[in-house]
Amino acid sequence: MSSSCIVIATNRKYNQFIANSLANELSARVILISEEADLTYQNLSSINPDWVFVLHWSRIIPEEVYTNFRVVIFHMTDLPFGRGGSPLQNLILRGYEDTVISAIQCVKEIDAGSVYLKERLNLNGTADEILIRASKIIKKMIVKIVQENPTPFPQVGEVSVFKRRQPHQSKIDFHEVRTLEQFYDYIRMLDGEGYPNAFVEVGNFRISFHSPHLRPSFVESQVKIELIHESEEDSQ
């Protein structure tokens, strides 16, 4: 039985179950970090972890952290393909139905670290459904890494880079979204914790979409309607 000390760093609720689950499964001391201010060299030095696993963090990890501790990050592409931001959305926009979760060493260059392990992930469903599915796979990957301590191997292949999507890109561009399947994909890929839902603006109103279903001849979705700004007359 392992007596490891493990840090799980995540600010997503759907990942936080991993800490309790791992403590039981590995008989390890597991510390959950959910605030950026706590992922520091000073704090980790007081904890003295054997491993630091970073899940869906989307923030810069200090160099003194990953150079002094074994820091493993998880990326939702078959690296070196798809380094960079918003991998889930970029994959769906490109028509991918499956991907790979890569567990890699954290290094200075983004998503360029050597690979500990890779596992397949299906991309059906909403962003939330995919991310919850990914969390369960990542938990199993962490168990395997802690138990087997694999030697990481360098990434092999052609490097491609995804660009991180910005909140304003959640506005549906009907020059790009032309089919029901594309409309459905656009809604579902943004239907998750931490993402601004797909939306359109009509007059003073923003109509955002979530919980989509693709039917044979239409897309069914729930919507939220918000007043986004006052008219000039009202603001005077």
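Residue numbers count from 1 along this sequence. Just so it is clear, the values below take in all heavy atoms, side chains as well, and ignore hydrogens, waters and symmetry mates.
- In terms of modelled atom types and a separation under 3.5 Å, the side chain of R83 and the main chain of D111 share a donor-acceptor contact.
- We find the OH-CD distance between Y186 and E176 to be 6.5 Å, quoted to the nearest 0.5 Å.
- Between the side chain of R12 and the backbone N or O of L55, no donor-acceptor pair lies under 3.5 Å.
- Taking 4.5 Å as the limit, some side-chain heavy atom of H56 sits within range of a side-chain heavy atom of L131.
- Judged purely by atom type and a 3.5 angstrom limit, Q89 uses its side chain to pair as donor or acceptor with the backbone of M189.
- Ion pairing of D98 with R120 is absent here, as no side-chain N (NZ or NE/NH1/NH2) approaches a carboxylate O to less than 4.0 Å.
- Linking ILVMFWY residues whenever their side-chain heavy atoms come closer than 4.5 Å, directly or via other members, places V219 and V177 in the same cluster.
- The backbone N or O of K118 lies less than 3.5 Å from no partner atom in the side chain of S102, so there is not a single donor-acceptor pair.
- Of all heavy-atom pairs between Q169 and Q166, the closest is OE1-N, 2.7 Å.
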* **Full working for side chain to side chain contact (heavy atoms under 4.5 Å, CB included) between I61 and I73** => CA-CA 10 Å; I61 298 171; I73 62 177; 3.9 Å; yes

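- Closest non-hydrogen pair, I130 versus L123, comes out as CD1-O, 3.3 Å.
- A side-chain donor-acceptor contact under 3.5 Å links N197 to the backbone of L190.
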Tell me which donor-acceptor pairs under 3.5 Å the side chains of residues 141-148 have, and how far apart each pair is, sequence neighbours excluded?
none

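- For Y116 and F53, the ring centers sit 6.0 Å or farther from each other.
- When all heavy atoms are compared, the tightest approach of P152 to S114 is CB-CB, 3.7 Å.
- A donor-acceptor distance shorter than 3.5 angstrom exists from the side chain of Q155 to the backbone of G113, with no hydrogens or angles considered.
- Here the side chains of E36 and W57 are in contact, with some heavy-atom distance below 4.5 Å.
- Between E97 atom CD and L121 atom CG the span is 12.5 Å, to the nearest 0.5 Å.
- Atom-to-atom distance recorded for T99:OG1 and R94:CZ is 11.5 Å, nearest 0.5 angstrom.
- Taking the six-membered ring where tryptophan is involved, the planes of F69 and Y41 are tilted, since the angle between them lies from 30° to 60°.
- Across L39 and A9, no two heavy atoms sit closer than the pair CD1-CB, 4.2 Å.
- Residues P87 and G84 share a closest heavy-atom pair of CD-O, 4.0 Å.
- Note that OH of Y96 and CE of M76 are 15.0 Å apart. Values are rounded to the nearest 0.5 Å.
- By the 4.5 Å heavy-atom criterion applied to side chains, F205 and L227 are counted as neighbours.
- Contact check for V54 versus Y66: no side-chain heavy atoms found under the 4.5 Å cut-off.
- By the criterion of side-chain heavy atoms lying less than 4.5 angstrom apart, applied directly or through intervening Ile, Leu, Val, Met, Phe, Trp or Tyr residues, F209 is grouped together with F174 in one hydrophobic cluster.
- Within a 6.0 Å radius of CG in L180, more than 12 heavy atoms belonging to other residues, nucleotides or ligands are found.
- Contact record, S160 with G82: OG-N, 2.9 Å, taken as the closest heavy-atom pair.
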* Candidate pair F81 and L91, rule side chain to side chain contact (heavy atoms under 4.5 Å, CB included), full reasoning -> CA-CA 11 Å; F81 166 75; L91 288 166; 3.8 Å; yes

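- Linking Ile, Leu, Val, Met, Phe, Trp and Tyr whenever their side-chain heavy atoms come within less than 4.5 Å leaves L44 and I8 in two separate clusters.
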* Asked: Should Q42 and E64 be marked as a side chain to side chain contact (heavy atoms under 4.5 Å, CB included) after you check the CA-CA gap, both sets of side-chain angles, and the distance that decides it?
  -> CA-CA 9 Å; Q42 290 76 14; E64 59 181 351; 4.2 Å; yes

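- Looking at T67, its side chain does come within 3.5 Å of a backbone N or O of E63 through a donor-acceptor pair.
- For F218 and Y184, the distance between ring centers is not under 6.0 angstrom.
- Residues I225 and V202 share a single hydrophobic cluster, defined by chaining ILVMFWY side chains whose heavy atoms lie under 4.5 Å apart.
- V100 and L93 fall into different hydrophobic clusters, where Ile, Leu, Val, Met, Phe, Trp and Tyr residues are linked whenever their side-chain heavy atoms come under 4.5 Å apart, directly or through other members.
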* Given side chain to side chain contact (heavy atoms under 4.5 Å, CB included), test V52 with I33 step by step and report yes or no. => CA-CA 10 Å; V52 179; I33 290 179; over 6 Å; no

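- Side-chain atoms of R70 never come within 3.5 Å of backbone atoms of W51 as a donor-acceptor pair (strictly under, hydrogens ignored).
- Atom CG of D185 is separated from atom OG1 of T126 by 12.0 Å, given to the nearest 0.5 angstrom.
- Note that OG of S135 and CD1 of I18 are 5.0 Å apart. Values are rounded to the nearest 0.5 Å.
- When atom types are taken as modelled, the side chain of D50 and the backbone of C5 share a donor-acceptor pair closer than 3.5 angstrom.
- Annotation: side chain of S211 is in contact with side chain of D191 (closest heavy-atom distance under 4.5 Å).
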